[in-house]
Asker: 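Take this structure, written in C-alpha cells, and hold onto it; I'll ask about it next.
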Amino acid sequence: MPRYALRNQQKIQQAFGVDFLRLLLASLKEHFNSHIEIEEHTYDNEKFRVIHVPNVQPNTDSFFEFYVIAKKYDVYRLAYKSTMS
C-alpha cells in the first residue's frame, strides 16, 4: 500500500485553517488506503507530476491536487497545489 508525507502542514493551517488541513489529511488517508496504484498526471506547464485526491466530504464533487515532490519506493512526498470542482 502506498504511503505519503504532506509538506508544509503548518503553512497550510496558517493560510486556510485547521479544519481545512484536517480535511486534506482525511482525504489523503482515504485515497491512499483505498488505492494500490496512485495515478499521477503530467502537465506541460508544471515542473512536478500531480495527483488528484477526491474530497471526503459528503455531497461534494471537488478534489484536491497535490504536487509529487518526490517518490521513493512507495512513499510519496506531497505539496498541496489547489482545490478543483
Side-chain angles (χ1 to χ4, degrees):
M1 178 177 355
R3 298 173 291 160
Y4 64 92
L6 179 61
R7 293 181 46 193
N8 299 321
Q9 291 185 33
Q10 188 68 27
K11 289 182 180 181
I12 295 169
Q13 181 176 330
Q14 288 173 350
F16 301 108
V18 68
D19 291 336
F20 185 77
L21 177 60
R22 287 183 184 146
L23 177 60
L24 284 180
L25 293 172
S27 297
L28 281 167
K29 181 179 179 181
E30 174 65 28
H31 186 70
F32 275 79
N33 285 340
S34 63
H35 290 82
I36 294 173
E37 193 71 32
I38 302 299
E39 184 178 339
E40 299 177 31
H41 304 275
T42 304
Y43 299 120
D44 292 336
N45 58 343
E46 298 287 351
K47 178 180 176 182
F48 298 105
R49 294 179 314 272
V50 174
I51 65 168
H52 296 157
V53 175
N55 188 337
V56 293
Q57 286 181 316
N59 303 319
T60 184
D61 61 353
S62 65
F63 62 91
F64 303 111
E65 289 187 311
F66 295 90
Y67 289 120
V68 178
I69 303 300
K71 179 181 166 187
K72 187 169 185 176
Y73 307 114
D74 66 343
V75 180
Y76 289 78
R77 193 168 59 175
L78 305 173
Y80 174 69
K81 178 181 185 283
S82 66
T83 302
M84 306 291 285
S85 297

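No hydrogens, no waters, no symmetry mates; every other heavy atom, side chains included, goes into these values.
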Asker: Is a side-chain N or O of His35 found less than 3.5 angstrom from the main chain of His31, in a donor-acceptor match?
Answerer: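 Answer holds: yes.
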Asker: Can you sort out the partners of Arg77 under salt bridge (charged side-chain N to carboxylate O under 4.0 Å, His left out), two or more places apart, ordered by chain and number?
Answerer: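 Partners of Arg77 by the salt bridge (charged side-chain N to carboxylate O under 4.0 Å, His left out) criterion come out as none, since no residue qualifies.
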Asker: What salt bridge (Lys or Arg N to Asp or Glu O under 4.0 Å) pairs are there with at least one residue in residues 41-54, not counting sequence neighbours?
Answerer: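 Qualifying pairs, neighbours excluded: Glu40-Arg49, Glu46-Lys81.
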Asker: What pairs with Asp19 under salt bridge (charged side-chain N to carboxylate O under 4.0 Å, His left out), at least two apart in sequence or on another chain?
Answerer: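 By the salt bridge (charged side-chain N to carboxylate O under 4.0 Å, His left out) rule, Asp19 matches Arg22.
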Asker: Could you list who else is in Leu21's hydrophobic cluster, with ILVMFWY side chains joined at under 4.5 Å, directly or through other members?
Answerer: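 Once heavy-atom contacts under 4.5 Å are chained together, Leu21 belongs with Tyr4, Leu6, Ile12, Phe16, Phe20, Leu23, Leu24, Leu25, Leu28, Phe32, Ile38, Ile51, Val53, Val56, Phe64, Phe66, Val68, Tyr76, Leu78, Tyr80.
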Asker: Taking side chain to side chain donor-acceptor pair (under 3.5 Å) as the test, write out the residues that go with Thr42, two or more places apart.
Answerer: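 Residues passing side chain to side chain donor-acceptor pair (under 3.5 Å) with Thr42: none at all.
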Asker: Give me each pair satisfying salt bridge (Lys or Arg N to Asp or Glu O under 4.0 Å) with a member in residues 24-36, each pair once, sequence neighbours excluded.
Answerer: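 Qualifying pairs, neighbours excluded: none.
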Asker: So which atom in Pro54 and which in Ser27 form the shortest heavy-atom distance, rounded to 0.1 Å?
Answerer: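 For Pro54 versus Ser27, the nearest heavy atoms are O-CB, 3.5 Å.
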Asker: Can you list everything that forms a side chain to side chain donor-acceptor pair (under 3.5 Å) with Gln57? Sequence neighbours excluded, please.
Answerer: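 Expected list: Asn55.
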Asker: Does Tyr73 OH have over 12 foreign heavy atoms under 6.0 Å away?
Answerer: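 Atom OH in Tyr73 is not crowded, with 12 or fewer foreign heavy atoms closer than 6.0 Å.
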Asker: Among all residues two or more places apart in sequence or in another chain, which pass the side chain to side chain donor-acceptor pair (under 3.5 Å) test with Ser85?
Answerer: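 None.
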Asker: Which residue pairs pass the salt bridge (Lys or Arg N to Asp or Glu O under 4.0 Å) test with at least one member in residues 2-13, sequence neighbours excluded?
Answerer: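 As it turns out, the salt bridge (Lys or Arg N to Asp or Glu O under 4.0 Å) pairs with a partner in residues 2-13, which skip direct neighbours, are Arg3-Asp74.
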Asker: Clusters formed by hydrophobic residues whose side-chain heavy atoms approach within less than 4.5 Å: which one holds Val75, and what are its other members?
Answerer: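 None; Val75 is a cluster of one.
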Asker: Name all residues meeting the ring pair (Phe, Tyr, Trp, His ring centres under 6.0 Å) criterion together with His52; count only those two or more places apart in sequence or in a different chain, and write none if there are none.
Answerer: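 Counting only residues at least two positions away or on another chain, His52 forms a ring pair (Phe, Tyr, Trp, His ring centres under 6.0 Å) with His41, Phe63.
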